[in-house]
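Only a predicted model underlies this, so the values are computations on that prediction, with no experimental measurement involved.
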Amino acid sequence: MSEMTFDRMIQQMTPDIYQSLKQAVALRKWPDGRLLTSEQTELCLEAVMRYEIEHNVPEDQRVGYLQPQSCSSQEGTDEGDSIKWVN
């Protein structure tokens, strides 16, 4: 698929198609149950990511978003995920 055709497809993609592709990537299969090939997975993921950028999908709703977490050692406390050794 040429870059120009791919760009046009992204611009014309509906929210329903976006959600369907996003689900297909997450499950690694099409809605009818057929498995995605690795090439299909790659193309669908690229389409989903480019749609999210082009349509200003909030960052916390994008594919691959991970909520920022801080280390307990950076918070200045020794509580939290520390290990306590017991003999």
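- Across every non-hydrogen atom of Leu36 and Cys44, the tightest pair is CD2-SG, 4.2 Å.
- Residue Lys29 holds its NZ atom at 9.0 Å from CD of Gln23, rounded to the nearest 0.5 Å.
- Between Ala24 and Trp30, the shortest heavy-atom contact is CB-CE3, 4.1 Å.
- In terms of heavy atoms, Thr41 sits closest to Val25 at O-CG2, 4.2 Å.
- Summarising the local packing, CD of Glu54 is surrounded by more than 12 heavy atoms from other residues, nucleotides or ligands at distances under 6.0 Å.
- To the nearest 0.5 Å, atoms OG1 (Thr5) and CD1 (Ile10) are separated by 11.5 Å.
- Around the CD atom of Gln19, the shell of radius 6.0 Å holds more than 12 heavy atoms that belong to other residues, nucleotides or ligands.
- Nearest approach of Leu21 to Met13, heavy atoms of both residues: CD1-CE, 3.8 Å.
- Summarising the geometry of Gln40 relative to Thr37, their closest heavy-atom pair is OE1-N, 2.8 Å, with the distance given to 0.1 Å.
- Put simply, the side chain of Tyr18 reaches to within 4.5 Å of the side chain of Val57, judged on heavy atoms.
- Remark: Gln12 CD is packed, more than 12 non-hydrogen atoms of other residues, nucleotides or ligands lying under 6.0 Å away.
- In this structure, Glu52 contributes its side chain and Val63 its backbone to a donor-acceptor pair below 3.5 Å.
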